[in-house]
Amino acid sequence: MDWIKEQSEELQNELVELRRDFHAHPELGFEEHRTSRKVEEYLQNLGLKTERVAGTGVVAMIEGHEEGPVLMLRADMDALPIQEENTVAYASTNPGVMHACGHDAHMAMLLGAAKILSENKELIKGKIKLVFQPNEENAGALPMIEEGVLDNPKVDAAVGVHIWTPLPSGVVGISAGGVMSGLYIFKIKVKGYGGHSGYPETAIDPIIAASDIVLSSQRILTREISAMRPITLTFGQINGGTKANIIPDEVILEGSIRTLYDDAGDPPIYRLERLANDVAKTHGCECEISWVRENIPLINDETMTEYMKRTAIEVVGEDNVIPYWSMASEDFSEFTARIPGVFLFLGTGNEEIGTHFPHHNPRFNIDESVLHLGVEMFVRGSLKYMEDRSKN
């Protein structure tokens, strides 16, 4: 057994303890005050100097023994507004808040990697910037970037690891190119003219117009955008009306568009905006559409992907490394849009122990036996990157 694997496995009990402590004390985005203090305390005990970025974000630097590139390793910190339904001893003690996406595990794995790397600085040919990011669920990367997390010193590349219940425990999913979707959230207000259901000809029915928008918008996916460019358009909420025999004045539709490709110059939301206005006009209605772009697509750099793919094969074996993409979104994309980066998925799904529930589910939990694998990938991948860069 090589020393990286051995040291990572020796940390397993500590990783579980860290993860369970974070899990029991979840905090929402930009409210991660206890979490930040816990992270700072751990890093400072390793002899590392910490600084705050974007309020609750924590950053620390591991200085290698010689000059070289700066590699950023990132973990997210925030929890979700979900009431936990698990009955485990480490269940959330904060009512209505839960680590239902695995950020507790991400912090534990990166802290473990920090411990090994800080104790082996003589092997680091460059610098490793440890970034603990707040508010991933709502674009917390941007405030960190705006406050200079990629500068002083300039970061050359980035690595992120996400535990993933859709994949079996111990399987690593990794691919170059688009691996997580960009996300638009939209709201469409369809305005008609209310009236009595007994004589609908005196009204302008926004429900019919809104229904037509819902159905017609699917044509964007099947007739306007190539099937080679993955995209979803989903309506998650429809509100309108007060009584069965009253035609309402307006209907509100809310939903999301997700894309797995770089849509610069051709945002699909523009197509929806055009279609919604035209359909509403056909029905004699008016239409207002508002939207925000919460995330851009996460694009993995080919060279960084190759580094981490080779690393994953060494950690879990070639048979357990597979190509993988997801239409979920991740604001690690803001980092990979600016520097070469790679984001990979570490499987933690195991139905026998109840860790197969999807992310953002109140029953979400993880197979903690994979935690040392995440540590090993962070450490091994960092050293591999530094070594290869020093030769070029």
Output side-chain donor-acceptor pairs under 3.5 Å for residues 241-258, partner residues at least two apart or in another chain, one line each.
{"residue": "D249", "atom": "OD1", "partner": "G194", "partner atom": "N", "Å": "2.6"}
{"residue": "R258", "atom": "NH1", "partner": "M327", "partner atom": "O", "Å": "3.3"}
{"residue": "R258", "atom": "NH1", "partner": "S329", "partner atom": "OG", "Å": "2.8"}

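- Using a 4.5 Å cut-off on side-chain heavy atoms (C-beta onward), V172 and N320 make no contact.
- D205 and H283 are not linked by any side-chain donor-acceptor pair at a separation below 3.5 angstrom, with hydrogens and angles left out of the test.
- Counting only heavy atoms from C-beta outward, the side chains of T282 and D212 never approach each other to under 4.5 Å.
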Note to self: As a quick check of understanding, evaluate side chain to side chain contact (heavy atoms under 4.5 Å, CB included) for E63 and I124, giving each step before the final call.
What the structure shows: CA-CA 8 Å; E63 304 273 354; I124 300 175; over 6 Å; no

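- Inter-residue side-chain proximity for L111 and M109 is flagged as unmet; no heavy-atom pair is nearer than 4.5 Å.
- Hydrophobic clustering (side-chain heavy atoms under 4.5 Å, transitive across Ile, Leu, Val, Met, Phe, Trp, Tyr) keeps L130 apart from V59.
- Here the CD atom belonging to Q133 is positioned 9.0 Å from the CG atom belonging to L142, to the nearest 0.5 angstrom.
- Classified by interplanar angle (parallel below 30°, tilted 30° to 60°, perpendicular above 60°), the ring pair F332/F343 is tilted.
- In terms of heavy atoms, A209 sits closest to V190 at CB-CG1, 3.8 Å.
- S181 places no side-chain N or O within 3.5 Å of a backbone atom of L183 that could act as its donor or acceptor partner.
- Look at R271 and E224 and you find a salt bridge, because one of the NZ, NE, NH1 or NH2 atoms lies within 4.0 Å of a carboxylate O, short of that distance.
- The hydrophobic clustering, which links ILVMFWY residues whose side-chain heavy atoms are closer than 4.5 Å, places V155 and M61 apart.
- Checked by atom type, the side-chain pair S8/E376 shows no donor-acceptor distance below 3.5 Å.
- The line from CZ of R338 to OG of S333 is 8.5 Å long, rounded to the nearest 0.5 Å.
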Tell me which donor-acceptor pairs under 3.5 Å the side chains of residues 11-28 have, and how far apart each pair is, sequence neighbours excluded?
{"residue": "Q12", "atom": "OE1", "partner": "H372", "partner atom": "N", "Å": "3.3"}
{"residue": "Q12", "atom": "NE2", "partner": "E368", "partner atom": "O", "Å": "2.8"}
{"residue": "E14", "atom": "OE1", "partner": "K115", "partner atom": "NZ", "Å": "3.0"}
{"residue": "E14", "atom": "OE2", "partner": "Y42", "partner atom": "OH", "Å": "2.6"}
{"residue": "R19", "atom": "NE", "partner": "D104", "partner atom": "OD2", "Å": "3.0"}
{"residue": "R19", "atom": "NH1", "partner": "N365", "partner atom": "OD1", "Å": "3.3"}
{"residue": "R19", "atom": "NH1", "partner": "E368", "partner atom": "OE2", "Å": "2.9"}
{"residue": "R19", "atom": "NH2", "partner": "H23", "partner atom": "ND1", "Å": "3.4"}
{"residue": "R19", "atom": "NH2", "partner": "D104", "partner atom": "OD2", "Å": "3.4"}
{"residue": "R19", "atom": "NH2", "partner": "N365", "partner atom": "OD1", "Å": "3.0"}
{"residue": "R20", "atom": "NE", "partner": "E368", "partner atom": "OE1", "Å": "3.2"}
{"residue": "R20", "atom": "NE", "partner": "E368", "partner atom": "OE2", "Å": "3.0"}
{"residue": "R20", "atom": "NH2", "partner": "E368", "partner atom": "OE1", "Å": "2.8"}
{"residue": "D21", "atom": "OD1", "partner": "R34", "partner atom": "NH2", "Å": "3.1"}
{"residue": "D21", "atom": "OD2", "partner": "R34", "partner atom": "NH1", "Å": "3.0"}
{"residue": "D21", "atom": "OD2", "partner": "R34", "partner atom": "NH2", "Å": "3.3"}
{"residue": "H23", "atom": "ND1", "partner": "D104", "partner atom": "OD2", "Å": "2.8"}
{"residue": "H23", "atom": "NE2", "partner": "E84", "partner atom": "OE1", "Å": "3.2"}
{"residue": "H23", "atom": "NE2", "partner": "E84", "partner atom": "OE2", "Å": "2.9"}
{"residue": "H25", "atom": "ND1", "partner": "D21", "partner atom": "O", "Å": "3.0"}
{"residue": "E27", "atom": "OE1", "partner": "H33", "partner atom": "N", "Å": "3.3"}
{"residue": "E27", "atom": "OE1", "partner": "R34", "partner atom": "N", "Å": "3.2"}
{"residue": "E27", "atom": "OE1", "partner": "T35", "partner atom": "N", "Å": "2.9"}
{"residue": "E27", "atom": "OE1", "partner": "T35", "partner atom": "OG1", "Å": "2.7"}
{"residue": "E27", "atom": "OE2", "partner": "H33", "partner atom": "N", "Å": "3.4"}
{"residue": "E27", "atom": "OE2", "partner": "R34", "partner atom": "N", "Å": "3.0"}

Checklist line | Residue pair N350, H356: steps toward the side chain to side chain contact (heavy atoms under 4.5 Å, CB included) verdict | finding: CA-CA 5 Å; N350 185 339; H356 59 294; over 6 Å; no

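- E67 places none of its side-chain heavy atoms less than 4.5 Å from the side chain of K125.
- Heavy-atom minimum distance, N300 versus V342: OD1-CA, 3.3 Å.
- Panel note: side chain D331, backbone A141; a donor-acceptor pair is recorded below 3.5 Å.
- Under the 4.5 Å side-chain criterion, counting only non-hydrogen atoms from C-beta, V159 is not in contact with S382.
- Under a cut-off of 6.0 angstrom, the local environment of CD in E352 is sparse, with at most 12 non-hydrogen atoms contributed by other residues, nucleotides or ligands.
- Interatomic distance, CG of N138 versus CG of D78, reported as 9.0 Å (0.5 Å rounding).
- Between the CD atom of E119 and the CG atom of L46 there is a distance of 7.0 Å, given to the nearest 0.5 Å.
- With 3.5 Å as the limit, one finds a donor-acceptor pair spanning the side chains of Y385 and R389.
- The shortest side-chain heavy-atom distance between F235 and F186 falls under the 4.5 Å cut-off.
- In terms of heavy-atom proximity, N152 sits nearest to K129 at O-NZ, 4.2 Å.
- Clustering ILVMFWY residues whenever any of their side-chain heavy atoms sit less than 4.5 angstrom apart, transitively, puts F335 in a cluster other than the one holding L344.
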What donor-acceptor contacts under 3.5 angstrom involve side-chain atoms of residues 160-171, with partners at least two apart or in another chain?
{"residue": "H162", "atom": "ND1", "partner": "H106", "partner atom": "NE2", "Å": "3.4"}
{"residue": "W164", "atom": "NE1", "partner": "Y324", "partner atom": "OH", "Å": "2.8"}
{"residue": "T165", "atom": "OG1", "partner": "F357", "partner atom": "O", "Å": "2.9"}
{"residue": "S169", "atom": "OG", "partner": "G349", "partner atom": "O", "Å": "3.3"}
{"residue": "S169", "atom": "OG", "partner": "D367", "partner atom": "OD2", "Å": "2.8"}

Checklist line | Derivation of the side chain to side chain contact (heavy atoms under 4.5 Å, CB included) call for K281 and E286 | finding: CA-CA 6 Å; K281 186 176 180 180; E286 296 179 1; over 6 Å; no

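- Salt-bridge check for D388 with R310: passed, with a basic side-chain N closer than 4.0 Å to an acidic carboxylate O.
- Tested against E9 for a side-chain contact (heavy atoms from CB on, under 4.5 Å), the candidates Q7, E6, K5 yield a single pass: K5.
- Between the N120 side chain and the L123 main chain, no donor and acceptor come within less than 3.5 Å of each other.
- No path of Ile, Leu, Val, Met, Phe, Trp and Tyr side chains, each step under 4.5 Å between heavy atoms, connects I289 with I185, placing them in separate hydrophobic clusters.
- No continuous path of hydrophobic side-chain contacts links Y261 to V179 [ILVMFWY only; heavy atoms under 4.5 Å].
- Listed for the S217 side chain is a donor-acceptor partner under 3.5 Å among the backbone atoms of V214.
- Taken to the nearest 0.5 Å, the NZ atom of K309 stands 13.5 Å off from the CD atom of E314.
- Considering all non-hydrogen atoms of both residues, E302 and A176 come closest at CG-CB, 3.9 Å.
- Rounding to the nearest 0.5 Å places OH of Y184 at 6.0 Å from OG1 of T259.
- Within 6.0 Å of atom NZ in K127, more than 12 heavy atoms from other residues, nucleotides or ligands are found, so the atom counts as buried in its surroundings.
- Taking a cutoff of 4.0 Å between a charged side-chain nitrogen and a carboxylate oxygen, R74 and E330 qualify as a salt bridge.
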Next item on the list: Report the C-alpha separation of T56 and R37 in whole Å, then their side-chain angles, then the decisive distance to 0.1 Å, and conclude whether the side chain to side chain contact (heavy atoms under 4.5 Å, CB included) test is met.
Entry: CA-CA 9 Å; T56 50; R37 291 194 298 271; over 6 Å; no

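- No donor-acceptor distance shorter than 3.5 angstrom exists from the side chain of D151 to the backbone of P153, with no hydrogens or angles considered.
- Residues T305 and I174 have side chains in contact (heavy-atom distance under 4.5 Å, counting atoms from C-beta outward).
- The shortest distance between side-chain heavy atoms of C287 and K189 does not fall below 4.5 Å.
- No donor-acceptor pair under 3.5 Å is formed between the side chain of T336 and the backbone N or O of L298.
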